[in-house]
Q: 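Just dropping this structure here.
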Protein chains: 2
Amino acid sequence: MQTHCVTALYDLAGLPGRPCTIAAALELVGERWSLLVVREVSLGNHRFSDIARGTGAPRDRLTARLNALVTAGVLERRQYSDSPPRSGYHLTPSGRDLLPVLQALLQWGDRWAAEEPPVRLTHAPGDSEEHTVDAEWVCRTCGEPVNSSRVERVLTPAGRALSGLPAEERHEH
Amino acid sequence: MQTHCVTALYDLAGLPGRPCTIAAALELVGERWSLLVVREVSLGNHRFSDIARGTGAPRDRLTARLNALVTAGVLERRQYSDSPPRSGYHLTPSGRDLLPVLQALLQWGDRWAAEEPPVRLTHAPGDSEEHTVDAEWVCRTCGEPVNSSRVERVLTPAGRALSGLPAEERHEH
DNA sequence: CGTCCTCGGTTCGACATCCCAACCGAGGAG
DNA sequence: CTCCTCGGTTGGGATGTCGAACCGAGGACG
């Protein structure tokens with residue numbers, strides 16, 4: 001599996017504020033419509049007009065976002081017809097890795113932004129019964145829910161360099 | 001536990017595109033700086049100037065975002081000094097529920113938006129060793145990872161009403 | 001008292017982005 | 001030939017964004 005970005009990594013030093021990959025991520029996919037475009041493509045709508053209808057984005061904004069997401073390495077264009085020449089947009093591995101972000105937003109929106117969710121995710125894996133998906137973040141290493149356990153933030157050498165701290169000996173309080 | 005929004009639920013019918021709480025969520029916290037403000041507050045920076053420094057947001061934008069997040073019910077103002085009268089911003093339950101969104105963005109950004117992450121999250125729950133957090137979404141009901149299992153989208157009655165007539169949905173392979 | 005400082009904003013002007021509606025060119029279909 | 005769809009582009013007005021300057025309340029210092 002790819003472990004870092006191939007196409008569009010973001011220079012953390014060029015960002016304002018605390019050096020943090022959340023900010024870098026938002027720089028790539030945080031503009032208006034971007035994540036909804038990813039949602040729409042992940043639902044199987046690969047064509048310009050389907051994405052436009054599904055998201056509700058203005059066509060010129062959609063053009064801009066699609067191009068930005070392609071150069072960010074989140075989407076790729078793929079020709080699906082020679083005549084007339086037509087191409088569709090598909091998720092790259094990096095784009096597929098955004099699905100957890102969408103899952104998190106969906107779950108938050110279901111709970112806090114709508115009276116009654118318009119869509120329910122159901123789940124029938126293996127031999128268990130069909131049921132509504134209610135997901136939580138779990139640490140792959142130890143299996144515990146992430147939020148209920150003690151989590152500490154540690155600056156890496158790269159982070160120390162970016163925040164102007166001496167290379168060794170100094171920790172944040 | 002609160003199961004829906006108390007202050008600022010978003011009228012899904014007023015949104016363009018597919019009725020979807022991801023869009024509603026982004027309407028509340030998707031503007032520039034909003035999620036970074038939530039990150040900053042969650043790190044313990046409650047004061048205006050600390051949030052400004054931590055996020056790098058212009059002061060007028062920060063004012064706008066803080067007010068929006070307060071009326072959205074994500075943050076609340078709390079007075080921490082009478083003289084001079086000073087108040088800080090704190091996460092509400094709804095704001096705390098955004099942490100999984102930040103976790104998802106962090107993980108994506110670490111992998112796809114930066115060469116070397118500036119911060120590592122470590123985790124030492126219960127009796128296991130300290131290790132780097134690597135989280136995934138797991139279904140609370142059956143315990144299986146959400147992305148690797150069959151998940152289906154089902155329109156609820158509310159969703160059916162909102163979309164008039166449901167279109168057929170294809171899935172990516 | 002007067003001057004300085006910090007904190008939490010507000011105001012201003014230049015600029016970028018956004019939205020909508022109209023338009024356009026390539027390529028079928030009839 | 002005319003019409004249609006698809007995938008955009010273009011123009012103009014509204015809205016959002018930015019950086020820097022300004023402001024008022026309230027200490028702190030002398």
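Keep in mind that the numbers below use all heavy atoms, side chains included, and drop hydrogens, waters and symmetry copies. Chain A is the first sequence line, chain B the second, and so forth, proteins listed ahead of strands; every chain is numbered from 1.
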Q: Considering just the side-chain nitrogens and oxygens of Trp33(B), establish if one lies under 4.0 Å of OP1 or OP2 belonging to dC18(D).
A: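 Yes, Trp33(B) has a side-chain N/O under 4.0 Å of OP1/OP2 on dC18(D).
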Q: Whole angstrom is fine here: how far is it from CG in Leu66(A) over to P in dC6(D)?
A: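 Interatomic distance, CG of Leu66(A) to P of dC6(D): 16 Å.
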Q: Of Ala64(B) and Pro58(A), whose nearest nucleotide on DNA chain C comes first from the 5' end?
A: Ala64(B)
Q: Select base, sugar-phosphate, or nothing to describe what Thr63(A) touches, counting heavy atoms under 4.0 Å on all strands.
A: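 The answer is base, as Thr63(A) lies within the cut-off (heavy atoms under 4.0 Å) of a base atom.
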Q: Should Arg47(B) be listed as having a side-chain N or O under 4.0 Å from OP1 or OP2 of dT6(C)?
A: no
Q: Rounded to whole Å, please give me the gap between CG in Leu62(B) and C1' in dG19(D).
A: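 From Leu62(B) CG to dG19(D) C1': 14 Å.
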Q: Mind checking whether Leu36(A) and Val70(A) sit in one hydrophobic cluster, side chains of I, L, V, M, F, W, Y counted as touching below 4.5 Å?
A: yes
Q: Should Glu31(A) and Arg61(A) count as an ion pair when the cut-off is N to O under 4.0 Å?
A: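 A salt bridge is absent here (no side-chain N lies under 4.0 Å from a carboxylate O).
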Q: Same cluster for Leu106(B) and Val138(B) if Ile/Leu/Val/Met/Phe/Trp/Tyr side chains link at under 4.5 Å?
A: no
Q: Does a nitrogen or oxygen in the side chain of Arg59(A) sit under 4.0 Å from OP1 or OP2 of dT9(D)?
A: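 It does not, given that no N or O in the side chain of Arg59(A) lies less than 4.0 Å from OP1 or OP2 of dT9(D).
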Q: In whole Å, I'd like the distance from the CG atom of Asn45(A) to the C1' atom of dG7(D).
A: 16 Å
Q: Quick check on dT17(D): is either OP1 or OP2 less than 4.0 Å from any side-chain nitrogen or oxygen of Arg61(B)?
A: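 The answer is yes; a side-chain N or O of Arg61(B) sits under 4.0 Å from OP1 or OP2.
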Q: Using a cut-off of less than 4.0 Å, is there contact between a side-chain N or O of Tyr89(B) and OP1 or OP2 of dG9(C)?
A: yes
Q: Taking donor-acceptor contacts at under 3.5 Å, does the side chain of Asp60(A) reach the base of dC19(C)?
A: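 Counting by modelled atom types and ignoring angles, a donor-acceptor contact under 3.5 Å is found here.
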Q: Would you say dG9(C) has OP1 or OP2 under 4.0 Å from some side-chain N or O of Arg77(B)?
A: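 Looking at the OP1 and OP2 atoms of dG9(C), one of them is under 4.0 Å from a side-chain N or O of Arg77(B).
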Q: Does a salt bridge link Arg32(A) with Glu27(B), judged by any charged N lying under 4.0 Å from a carboxylate O?
A: yes
Q: Go through the steps for Leu28(A) and Trp108(B) under the test side-chain contact (heavy atoms from CB on, under 4.5 Å), then give the verdict.
A: CA-CA 11 Å; Leu28(A) 290 176; Trp108(B) 189 85; 4.0 Å; yes
Q: Mind calculating the distance between CD (Gln79(B)) and C1' (dG8(C)) to the nearest angstrom?
A: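 So the CD-C1' distance, Gln79(B) to dG8(C), works out to 12 Å.
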Q: Identify the two heavy atoms, one from Ala13(A) and one from Leu162(A), that lie closest to each other, and give their separation to 0.1 Å.
A: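 Nearest pair, atom of Ala13(A) first, then Leu162(A): CB-CD2, 3.5 Å.
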Q: Find the distance Arg32(A):CZ to dT17(D):P and express it as a whole number of Å.
A: 11 Å
Q: Distance check needed: dC19(C) P versus Glu31(A) CD, whole Å only.
A: 11 Å
Q: For residues Trp33(B) and Gly56(B), report the shortest heavy-atom separation together with the two atoms involved.
A: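 Scanning both residues completely, I find the closest heavy atoms to be CH2-O, 3.9 Å.
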Q: Linking I/L/V/M/F/W/Y whenever any side-chain heavy atoms sit under 4.5 Å apart, do Leu35(B) and Leu43(B) land together?
A: no
Q: As a test of reading the structure: which of dG16(D), dG9(C), dG7(D) is closest to the side chain of Phe48(B), going by heavy atoms?
A: dG9(C)
Q: To the nearest angstrom, how far is Arg65(B) atom CZ from dT15(D) atom C1'?
A: 12 Å
Q: For nucleotides 26-30 of chain C, print each protein N/O atom paired with a nucleotide N/O atom at under 3.5 Å, atom names and distance only.
A:
residue	atom	partner	partner atom	Å
dG28(C)	OP1	Ser83(A)	O	3.2
dG28(C)	OP1	Ser83(A)	OG	3.0
dG28(C)	OP1	Pro84(A)	N	3.4
dG28(C)	OP2	Ser83(A)	OG	2.3

Q: Tell me: CZ of Arg78(A) to P of dG7(D), nearest whole Å?
A: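 The distance from CZ of Arg78(A) to P of dG7(D) comes to 15 Å, rounded to the nearest Å.
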